[in-house]
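Report on the following structure.
Please read all numbers here as calculations on a predicted model, not as lab measurements. Just so it is clear, the values below take in all heavy atoms, side chains as well, and ignore hydrogens, waters and symmetry mates.
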Amino acid sequence: MRRHVLVPWSHLVWLLCWAAADASSLFEHDAVLDVELRGPLGETLRDATERAERPFVLAVDGRELDVKVRVRGKSRVVTCRFPPLRLSFGRPVDTVFAGQGKLKLVTHCQKAAAFELNVLEEYAAYRLLALLTPAALRVRLLRVSYVDTSRPGHALERFALVLEPEQDLAQRLGGRLVARDGVVLSQLDREQIASVFVAQYLIGNSDYSLVTADGAKSCCHNGILVEIDGRLHYVPYDLDRTRLVNPTYARPQIERGRRARGRRYVGYCMDDLDLAAAIARVRDAREQVFAEIRAVEAMSGRELERAARFLEGFFREAEDPAQLQARFEKSCLD
């Protein structure tokens, strides 16, 4: 005889609340989310070697969540006094963070106001990639009040952003995360990768590749691979060194005897038809691109103007697609 498991009413209500909170996913809303992160902040930020997890409290919407926090990242750990963090949640609760396990937090790097602007610009860069290709990480902008419990009375408020977990991205796209030593063009979804290459050019990103980076075990540099219906999709991350963001710590590289200060195509050499279609898709999304930039309300008029001027440079180039493709051919990777 089949036995029926009786669930206490209070527990059932908790489950229903959790399901409702999880359904309204953290990444399905655009409004800035105000949170407070309270714990041994100074000790955590100084721990760039061992990167031990330390107990914190995350306050959001009148609720307090127990989280563990540690330093993460590679290059920003070296250059930033306030490096990126990783948040590890306990059991899900009925808040906007319900269903989350581990989240990457992109922080402001240094105290100067310009670095907080860089967070907003990187947020805009992620939003543009998501606009131009569906295989892109979602992000949520936070206004974080950092409270260092080891220094009474010391608090700091800055913008930050959290990234959609990679496994959640793969599940949302109906695919799976995969690891490869390297990737050839024939393995990739040509429409998606062409859109990625052109979108990266739009935001001025040359800090990525589809080969295994130094010290890494698998492909790719500043990106992950998701297999969908037998084709690989490259999904970029770490957009801080794009020309759209242009932080002071991203020193211009010396290339071909001159400083590379503008855009440079570093994608694969592709069929002209694939690139032409991708250029047309981005060019046709011009109004949506500028709408995404204007939607970052925390950016001032002057900051928006700088971002708009930079993006406008791409659309001027795209007025002559043949010439733009010829420029791509000069630096593309076989």
Side-chain angles (χ1 to χ4, degrees), residues 121-139 163-164 166 169-170 172-180 182-213 216 218-245 262-286 288-289 292-293 310-311 313-315 317-318 321 324-325 327-329 331-334:
E121 292 165 333
E122 187 170 2
Y123 170 73
Y126 275 107
R127 292 292 300 263
L128 290 179
L129 286 182
L131 169 68
L132 300 170
T133 169
L137 289 165
R138 296 187 295 182
V139 290
L163 304 181
E164 179 182 24
E166 296 171 3
L169 164 74
R172 175 169 60 85
L173 297 176
R176 65 186 184 94
L177 296 175
V178 295
R180 296 285 190 276
V183 180
V184 296
L185 185 58
S186 61
Q187 298 172 316
L188 293 160
D189 181 286
R190 297 178 73 91
E191 180 177 326
Q192 189 266 345
I193 196 60
S195 292
V196 168
F197 288 156
V198 176
Q200 295 272 53
Y201 185 80
L202 167 73
I203 63 176
N205 191 16
S206 58
D207 186 29
Y208 74 99
S209 71
L210 278 73
V211 298
T212 304
S218 60
C219 178
C220 301
H221 176 52
N222 284 344
I224 59 174
L225 294 173
V226 179
E227 184 178 357
I228 306 171
D229 297 330
R231 311 302 295 174
L232 296 181
H233 295 65
Y234 173 74
V235 181
Y237 60 76
D238 276 0
L239 306 179
D240 61 311
R241 293 176 181 266
T242 64
R243 290 285 289 126
L244 179 63
V245 179
R263 292 179 172 87
R264 183 167 183 263
Y265 181 82
V266 295
Y268 285 172
C269 299
M270 298 188 67
D271 184 274
D272 287 347
L273 294 177
D274 292 317
L275 277 178
I279 292 171
R281 284 193 296 272
V282 177
R283 185 187 60 214
D284 292 346
R286 183 183 185 280
Q288 294 165 282
V289 165
E292 284 290 344
I293 295 295
F310 177 73
L311 294 172
F314 167 85
F315 292 102
E317 293 183 60
L324 182 55
Q325 285 181 242
R327 186 173 295 118
F328 288 174
E329 290 174 4
S331 58
C332 66
L333 306 177
D334 291 321

Can you name the side-chain hydrogen bond (donor to acceptor under 3.5 Å, both in side chains) partners of [X], sequence neighbours left out?
{"X": "Tyr126", "answer": "none"}
{"X": "Arg327", "answer": "Glu317"}
{"X": "Arg281", "answer": "Ser195"}
{"X": "Gln192", "answer": "none"}

*Check Val289, Ile203, Val198 against Phe314 for a side chain to side chain contact (heavy atoms under 4.5 Å, CB included) and give me the one that passes.*
Val198
Sidechain-backbone polar pair: [X] side chain, [Y] backbone, donor-acceptor under 3.5 Å:
{"X": "Glu122", "Y": "Val245", "result": "no"}
{"X": "Gln200", "Y": "Asn205", "result": "no"}
{"X": "Asp238", "Y": "Asn222", "result": "no"}

What residues, two or more places apart in sequence or in another chain, satisfy side chain to side chain contact (heavy atoms under 4.5 Å, CB included) together with [X]?
{"X": "Leu333", "answer": "Tyr268"}
{"X": "Glu292", "answer": "Arg127, Leu128, Leu131"}
{"X": "Ala124", "answer": "Ile293, Val296"}

_Run the ring-ring contact (aromatic ring centres under 6.0 Å, His included) test against Phe328 and tell me which residues pass, sequence neighbours left out._
Tyr201, Tyr265
Would you please name every residue forming a salt bridge (Lys or Arg N to Asp or Glu O under 4.0 Å) with [X], sequence neighbours left out?
{"X": "Asp189", "answer": "none"}
{"X": "Arg231", "answer": "none"}
{"X": "Arg283", "answer": "none"}
{"X": "Glu121", "answer": "Arg306"}

*Looking at CG of Leu311 and CZ of Arg243, how far apart are the two atoms once the value is rounded to the nearest 0.5 Å?*
11.5 Å
